[in-house]
Amino acid sequence: MQDLVIYNTLHRKKELFQPIAAPNVGMYVCGPTVYGDPHLGHARPAITFDILFRYLKHIGYKVRYVRNITDVGHLEHDSDEGDDKIEKKARLEQLEPMEIAQHYTNRYHDAMRSLNVLPPSIEPHATGHIIEQEELVKQILANGYAYESNGSIYFDVETYDKDHHYGVLSGRNITDMINNSRELAGVGEKRNQIDFALWKRAMPEHIMRWPSPWSDGFPGWHCECTAMGRKYLGDHFDIHGGGMDLIFPHHECEIAQAVASQGDEMVKYWMHNNMITINGQKMGKSLGNFITLEQFFTGEHDTLTQAYSPMTIRFFILSAHYRGTVDFSNEALQAAEKGYERLMNGIEDLARIQTAAASDENTKKFVAGFRQKCYDAMNDDLMTPAVISTLFEACHLVNILIDHKAQISADDLKELTEAMQLFAFDILGLQNERGANNDAREEAYGKVVDMVLDLRAKAKAEKNWTVSDQIRDALAEAGFQVKDTKDGVTWKLDR
């Protein structure tokens with residue numbers, strides 16, 4: 001089993017991954033709030049933790065991967081006031097809130113399938129776990145870290161901080177938070193502006209409500225992950241993940257809820273992916289740069305110069321380390337498209353290589369170290385850009401071998417093929433998007449190109465160099481790469 005090192009946000013350093021109950025791994029990732037079409041910001045955490053899920057399983061762990069669906073309690077502006085995001089959408093479209101939630105859950109699943117994101121082991125919904133969230137609130141109340149106010153229950157941050165440390169994940173100081181909150185006008189039902197809702201009493205116009213010992217209402221947004229993580233992964237589990245925007249307040253509140261209810265922290269490793277920006281700005285509807293995944297796939301957005309396939313999007317995201325920022329631009333996605341095509345061409349071209357009795361020294365050395373070099377990159381905090389770079393080195397070798405500038409044995413070719421396919425498809429989760437229809441099209445291309453090349457060969461035999469060069473140049477202009485080798489003429493479609 002490989003020694004995987006991951007960056008633990010809680011301790012702000014890389015740590016050797018050591019599961020609580022090896023070889024079993026419990027992994028919880030915050031999923032979407034389902035009130036709108038999935039966008040590029042949804043793709044990055046989904047792909048990041050899909051890579052982790054794939055790799056943990058590959059290196060021998062049995063993984064229970066829980067990814068939640070938020071379908072209640074997430075209020076506008078991520079605060080304790082305002083409209084529920086799903087209810088607001090339901091009113092605008094004159095639908096039941098659960099119709100909105102189901103519709104956008106389906107849309108999210110469709111997008112994830114397109115991106116080849118594996119489904120989680122369990123996908124719980126907040127609305128399906130109201131009882132568990134109420135029990136969590138009761139425990140926190142009983143331990144003295146919450147209070148009731150007008151039928152709502154709030155977490156008492158100041159009392160909690162006297163016994164523990166509120167701000168351990170984000171590095172925030174409670175004194176600074178309290179001083180900043182005093183600049184706000186009033187605290188409403190709360191004792192302190194920094195307190196957060198565990199249960200909210202529903203106003204008369206609020207549609208989504210459940211009975212509780214305190215009021216007819218709904219759980220606070222932060223409760224669901226603590227309650228569902230505990231239900232499916234136990235009081236202590238290995239990994240909790242999500243985007244960096246969730247570190248505060250969401251994940252900070254989760255830690256406080258866990259400690260306040262059970263006395264210690266639930267999660268051993270916290271992992272967070274960085275944000276995606278668009279031309280240097282944070283993606284947002286208010287800025288007019290909000291692009292859904294479907295718009296990327298169809299090209300139907302004013303800022304897009306073309307459509308981008310799901311695998312181009314996946315390759316684009318994996319080309320940067322998950323903790324680094326990714327800035328979208330058409331130029332960046334076009335570069336990702338070329339990189340993806342280069343990798344797919346390299347893997348396809350493996351079948352065209354002619355083997356020799358033995359590999360030359362450089363080829364043998366590269367193949368012998370290729371697989372481990374990819375493992376070393378993955379084991380270093382999922383360094384996917386380094387894996388892609390190593391795969392490109394392999395593609396370069398493939399081109400050299402096709403041009404007969406190096407030699408490879410059958411055993412080494414088998415190892416190179418298996419390793420390239422393993423890391424490109426099984427671990428990075430890329431797919432060859434060309435499909436059966438494209439295979440048929442390329443077969444037709446092949447027949448036409450072969451016929452044209454026969455005409456070129458005839459022209460060369462007659463020493464009609466002008467016609468020969470015209471045919472070669474016309475094929476190049478059409479996207480076909482023609483090479484004259486000592487064994488004859490080779491060609492490929494330069495996509």
Side-chain angles (χ1 to χ4, degrees), residues 30-39 41-42 66-111 122-138 140-141 146-155 186-190 195-229 231 245-246 249-250 253-254 257 284-286 290 292:
C30 289
T33 302
V34 283
Y35 71 103
D37 279 330
H39 52 75
H42 288 122
V66 180
R67 185 184 67 205
N68 70 297
I69 295 289
T70 298
D71 54 4
V72 68
H74 198 167
L75 305 185
E76 288 291 319
H77 312 300
D78 297 344
S79 69
D80 291 327
E81 305 300 330
D83 292 329
D84 183 291
K85 294 181 177 182
I86 293 173
E87 272 206 18
K88 183 177 180 180
K89 189 81 169 182
R91 288 195 190 96
L92 288 172
E93 300 191 15
Q94 297 184 324
L95 295 171
E96 285 291 326
M98 286 297 96
E99 282 186 272
I100 294 293
Q102 188 64 58
H103 173 76
Y104 288 112
T105 299
N106 293 344
R107 300 277 285 176
Y108 177 77
H109 287 158
D110 289 344
I122 304 171
E123 191 173 59
H125 292 230
T127 53
H129 297 79
I130 301 298
I131 293 173
E132 289 83 357
Q133 293 176 78
E134 288 186 12
E135 288 301 312
L136 173 67
V137 177
K138 290 176 184 177
I140 297 172
L141 273 168
Y147 57 90
E148 182 176 356
S149 178
N150 197 26
S152 295
I153 307 297
Y154 292 96
F155 191 95
V187 295
E189 298 177 337
K190 302 178 184 180
D195 295 345
F196 58 90
L198 299 172
W199 184 266
K200 286 288 289 183
R201 179 175 65 89
M203 296 295 102
E205 68 275 11
H206 203 94
I207 305 170
M208 302 173 79
R209 58 174 68 216
W210 291 264
S212 80
W214 319 288
S215 64
D216 279 4
F218 53 94
W221 169 39
H222 311 303
C223 287
E224 62 180 276
C225 294
T226 306
M228 294 189 293
K231 179 179 177 67
D245 56 328
L246 297 178
H250 186 48
C253 293
E254 281 194 56
Q257 289 171 162
K285 292 180 180 178
S286 62
F290 182 87
T292 68

Between the main-chain N or O of [Y] and the side-chain N or O of [X], is there a donor-acceptor pair closer than 3.5 Å?
| X | Y | answer |
| --- | --- | --- |
| H39 | G41 | yes |
| D84 | G73 | yes |
| E132 | M228 | no |
| Q133 | A126 | yes |

With a 4.5 Å cut-off on side-chain heavy atoms, are [Y] and [X] touching?
| X | Y | answer |
| --- | --- | --- |
| R91 | D83 | yes |
| W199 | S215 | yes |
| Q257 | L136 | yes |
| S152 | Y154 | yes |
| L198 | H222 | no |
| F196 | D80 | yes |
| D195 | F155 | no |
| T70 | E224 | yes |

Interatomic spacing from [atom1] in [X] to [atom2] in [Y] - rounded to 0.5 Å:
| X | Y | atom1 | atom2 | answer |
| --- | --- | --- | --- | --- |
| W221 | C30 | CH2 | SG | 7.5 Å |
| D71 | Q102 | CG | CD | 9.5 Å |
| Y104 | T33 | OH | OG1 | 13.5 Å |
| T105 | H125 | OG1 | NE2 | 5.5 Å |
| C223 | I153 | SG | CD1 | 10.5 Å |

### Message
Applying side chain to side chain contact (heavy atoms under 4.5 Å, CB included) to L75 and E81, what does each step give before you reach the verdict?
### Response
CA-CA 7 Å; L75 305 185; E81 305 300 330; 5.6 Å; no
Is it the case that the side chains of [Y] and [X] hold a donor-acceptor pair, with the cut-off being a distance below 3.5 Å and no angle test?
| X | Y | value |
| --- | --- | --- |
| E93 | H103 | no |
| E123 | N68 | no |
| Y147 | K190 | no |

### Query
Just wondering, are more than 12 heavy atoms of other shown residues or ligands nearer than 6.0 Å to CD in E205?
yes
### Message
Please determine whether the number of non-hydrogen atoms from other residues, nucleotides or ligands lying under 6.0 Å from atom CD1 of I207 exceeds 12.
### Response
yes
#### Entry: Stepwise salt bridge (Lys or Arg N to Asp or Glu O under 4.0 Å) test for E99 and K89
CA-CA 10 Å; E99 282 186 272; K89 189 81 169 182; over 6 Å; no
## Note on the structure
When H74, H42, R107 are each screened for side-chain contact (heavy atoms from CB on, under 4.5 Å) with P32, the one that passes is H42
### Message
Classify the ring geometry of F218 against H206: parallel below 30°, tilted from 30° to 60°, perpendicular beyond 60°.
### Response
parallel
